[in-house]
Amino acid sequence: MQGSGKGRPDVCGIVAYIGSKPALPILMEGLKRLEYRGYDSAGLALINGGLRVVRSVGRVSVLEEKVRKEKDLHGTLGIAHTRWATHGVPSDSNAHPHRDDLRPRGHGIAIIHNGIIENYASLRTWLEEQGHTFTSDTDTEVLCMLISELYDKASGMTLERAVQAALREVTGAYAIAVICEEEPDVLVCARKGSPLMIGVGQGEYIVASDGNAIVAHTTQAFALEDYQVARLSRDGFRTTTLDDVHVTPRIQDLEIELQEIELGEHEHFMLKEIFEQPNALRNTLRGRTDSREGRVVLGGIAEYARDLVKARRFILLGQGTALHAAMIGDYLLEDLAKIPAEVEYSSEFRYRNPIIEDGSVVIAVSQSGETADTLAALSEASDRGALTLGIVNVVGSSIARGTDAGVYLRVGPEIGVASTKAFLGQVTALTLLALFIGRRRFLSADQVSQYLAELEATPDRIEKILAQSDAIRDVTARYIDRENWLFLGRGHNYPVALEGALKLKEISYIHAEGMPAAEMKHGPIALINDGMPCVFVATRNSQYDKIVTNIQQVRSRGGRVIAVATEGDKAIRQHADEVFYVPDMPEPMQPLVTAVPLQLLAYHAAVLRGHDVDKPRNLAKSVTVE
């Protein structure tokens with residue numbers, strides 16, 4: 001930041017290599033590290049005298065088996081890709097990489113691409129008129145053919161210049177890596193709206209969608225900015241704009257340790273990340289809290305402290321899990337900082353002509369910092385004069401670079417598609433932000449001290465909840481044959497109910513709905529039948545008696561109640577069939593503990609139903625197109 005989850009997207013994985021080492025093992029390793037992003041086909045291309053392309057539908061393991069059967073698949077320059085279908089069904093012909101026409105017309109150009117080319121249809125028509133023959137239904141093949149049409153090395157239209165020229169004709173989003181057998185020592189990359197990182201090694205470069213595919217080989221990398229092109233060779237690199245104006249990238253250390261993206265002793269990344277949450281939150285809090293003095297230290301927003309205190313309204317933006325964290329942030333800002341706040345789906349914000357007045361602050365919440373809908377909404381807010389903040393996990397991501405200020409989560413890489421530790425990190429960061437502003441408006445030092453002491457104790461409290469994992473699994477096993485669930489909560493725990501339902505849907509494929517507990521009476525109560533699981537977040541708080549009444553309404557209709565309750569609350573057992581206990585917390589901070597048993601419930605449900613927890617169907621980690 002300057003000064004400081006999910007859908008059916010084209011969120012494919014890119015890996016490319018140029019150097020002195022065999023490219024094939026590096027590409028295959030990189031693809032495996034990017035599997036969590038979601039995909040339905042995979043492929044690679046190598047140059048060694050000529051261009052060789054291998055593609056397959058299915059997992060990387062299927063591609064790996066196909067590669068083993070190929071002969072003489074060598075080379076020190078190559079590109080690889082995992083694709084999620086947008087244009088064209090999953091098939092070998094639609095998988096990446098795509099290449100241009102066969103010789104004599106073609107030049108041996110191959111491309112991998114994340115994003116969507118919006119004007120591909122008109123470009124395809126024009127290219128067909130020029131005599132090009134297409135073998136796929138994809139927009140990516142259109143871009144490859146366009147580069148090939150423009151390529152003419154003899155007249156100075158090199159691969160780099162042909163890519164620049166082609167992208168000047170393109171409308172849409174892209175991150176691409178391109179190779180050409182007529183230039184066997186060059187790898188060209190470009191980016192607009194979809195993330196692309198370039199790892200810098202000793203006489204070698206590794207290009208990838210994110211740092212997970214790079215960190216095993218080098219810790220130095222830079223991110224391409226929108227409308228930038230990089231030409232990589234074994235002798236060095238240069239970066240330019242689409243108009244060939246030289247730019248100097250900022251090479252930084254990757255803030256990822258290799259062990260952080262290894263599975264270790266855990267069966268799944270999601271389980272690993274659930275159990276990492278205590279330490280993740282300790283990292284989020286480290287150096288930012290002084291409970292003795294009642295101070296919150298947020299260096300990333302310190303420059304804008306006066307603007308935040310004087311703000312008239314906060315608008316929080318997010319999608320999926322990040323939206324639920326933003327909803328909790330809404331409660332926190334109004335409760336602790338006494339500032340009007342509202343939450344918007346990022347995807348709807350820019351299309352509803354939003355009103356941005358003087359004193360408006362827009363907060364973008366995202367794990368990856370690359371969520372396309374949120375980036376577009378952020379741009380709209382910035383253009384209308386709002387002060388923009390980012391609450392993101394990935395250092396140097398697009399949201400981090402595109403906001404005025406913000407707070408990094410510091411929870412470490414999150415590989416599991418279903419977000420867990422990033423969600424708690426987002427809620428923690430928003431709590432700190434609310435206390436930071438609240439202390440400067442209405443909260444006394446003693447009040448902030450008490451809240452910070454509770455925050456600092458939260459990691460230990462989460463460890464107590466994690467110790468109940470086996471018991472939660474046993475309870476879950478009794479209900480996994482039921483295909484319809486309700487999740488209900490009130491106040492700060494209403495978004496937790498939404499998040500619990502989302503988690504169950506994402507990875508177990510059980511239909512689940514989250515809602516405010518009182519809303520159930522206004523229609524959804526008609527769904528309740530004998531044995532239907534209803535999960536209530538029923539901790540001791542200002543609305544406890546009312547939620548107990550809601551529980552009784554469910555039980556009288558045959559529903560089975562699973563309650564998340566406060567330790568020591570024995571009375572709840574009179575109303576609930578099952579109880580998960582969490583430590584007592586002040587009401588504004590209860591989501592930090594009430595979300596954890598629901599994460600475990602969803603995880604165990606998915607495992608017990610035999611699903612691939614880390615690679616749920618139709619989902620991917622980061623949604624990078626609208």
Side-chain angles (χ1 to χ4, degrees), residues 1-2 14-20 23 26 30 47 76-79 81 109-115 143-144 146-147 150-151 153 156-170 172-180 183-211 213-215 217-255 369-370 375 394-402 624:
M1 273 151 277
Q2 297 172 9
I14 281 179
V15 188
Y17 175 81
I18 183 168
S20 59
I26 294 172
I47 289 183
T76 56
L77 168 61
I79 57 179
H81 192 264
I109 294 173
I111 185 173
I112 51 179
H113 165 225
N114 289 356
L143 180 55
C144 187
L146 180 59
I147 294 169
L150 297 171
Y151 182 80
K153 187 179 179 183
M157 184 61 79
T158 62
L159 183 63
E160 177 189 25
R161 294 188 183 280
V163 169
Q164 292 171 333
L167 294 179
R168 290 197 294 268
E169 304 299 322
V170 159
Y174 53 81
I176 62 172
V178 191
I179 56 177
C180 176
E183 296 186 40
D185 299 313
V186 173
L187 170 61
V188 177
C189 309
R191 170 257 168 94
K192 186 239 169 177
S194 193
L196 200 63
M197 298 185 70
I198 299 174
V200 180
Q202 296 296 319
E204 63 181 3
Y205 300 93
I206 303 164
V207 180
S209 312
D210 63 47
I214 295 174
V215 68
H217 305 281
T218 179
T219 59
Q220 296 281 301
F222 64 91
L224 280 183
E225 301 285 350
D226 280 352
Y227 304 106
Q228 287 186 354
V229 178
R231 179 190 185 278
L232 312 174
S233 73
R234 296 172 184 85
D235 298 324
F237 74 93
R238 79 178 197 125
T239 52
T240 64
T241 66
L242 296 186
D243 296 317
D244 203 37
V245 176
H246 177 75
V247 293
T248 302
R250 182 183 176 189
I251 299 176
Q252 296 179 294
D253 289 331
L254 287 172
E255 296 195 7
E370 303 292 348
L375 278 166
V394 180
V395 175
S397 58
S398 295
I399 290 177
R401 298 196 306 275
T624 56

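Not measured: the values here are computed from a predicted model.
If you take CD on Q228 and OG1 on T240, they are separated by 8.0 Å, rounding to the nearest 0.5 Å. Between atom CD1 of residue I109 and atom CD1 of residue I147 there is a gap of 6.5 Å, rounded to the nearest 0.5 Å. From L224, atom CG reaches atom OG of S194 across 11.5 Å, with rounding to the nearest 0.5 Å. For the atom pair CD1 (I18) and CG (D235), the distance works out to 9.0 Å, reported to the nearest 0.5 Å. Distance check, rounded to the nearest 0.5 Å: NE2 of H246 to OG1 of T239 gives 5.5 Å. Remark: I47 CD1 to D185 CG distance equals 9.0 Å, nearest 0.5 Å.
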Please step through side-chain contact (heavy atoms from CB on, under 4.5 Å) for the pair V200 and Y205, ending with a clear verdict. CA-CA 5 Å; V200 180; Y205 300 93; 3.9 Å; yes
For side-chain contact (heavy atoms from CB on, under 4.5 Å), just list the numbers for Q164 and V188, CA-CA rounded to whole Å, side-chain angles, deciding distance to a tenth of an Å, and then say yes or no. CA-CA 10 Å; Q164 292 171 333; V188 177; over 6 Å; no
What's the verdict on side-chain contact (heavy atoms from CB on, under 4.5 Å) for L242 and Y227, showing C-alpha distance, side-chain angles and the deciding distance? CA-CA 6 Å; L242 296 186; Y227 304 106; 3.8 Å; yes
Under the criterion side-chain contact (heavy atoms from CB on, under 4.5 Å), I'd like the reasoning laid out for L187 against I79: C-alpha separation, chi angles, the key distance, then a yes or no. CA-CA 9 Å; L187 170 61; I79 57 179; 3.9 Å; yes
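The side-chain contact (heavy atoms from CB on, under 4.5 Å) test with Y174 singles out one residue from L196, L167, D226, N114, and that residue is L167. Each of K192, R191, R401 was evaluated against E225; a single residue qualifies, R401, per the salt bridge (charged side-chain N to carboxylate O under 4.0 Å, His left out) test.
At least one side-chain heavy atom of R161 sits under 4.5 Å from a side-chain heavy atom of D244. Using a 4.5 Å heavy-atom threshold, the side chains of T76 and S20 count as separate. No side-chain heavy atom of V394 sits less than 4.5 Å from a side-chain heavy atom of D210.
Under 3.5 Å, the side chains of R231 and T158 contain no donor-acceptor pair of N or O atoms. Side chains of E370 and S397: no donor on one and acceptor on the other come within 3.5 Å.
Contact between V247 and P249 at its shortest, heavy atoms only, is O-CD, 3.6 Å. Looking at every heavy atom in both residues, V15 comes nearest to I112 through O-CD1, 3.7 Å. Residues A208 and A213 approach most closely at CB-CB, 3.7 Å, considering heavy atoms. In plain terms, the two heavy atoms of L150 and A162 that are nearest each other are CD1-O, 4.0 Å. The shortest non-hydrogen separation linking G199 to A221 is CA-CB, 3.9 Å. H113 and H81 get closest at one heavy-atom pair: O-NE2, 3.0 Å.
Every residue meeting the ring pair (Phe, Tyr, Trp, His ring centres under 6.0 Å) condition with F222, not counting sequence neighbours, appears here in chain and number order: F237.
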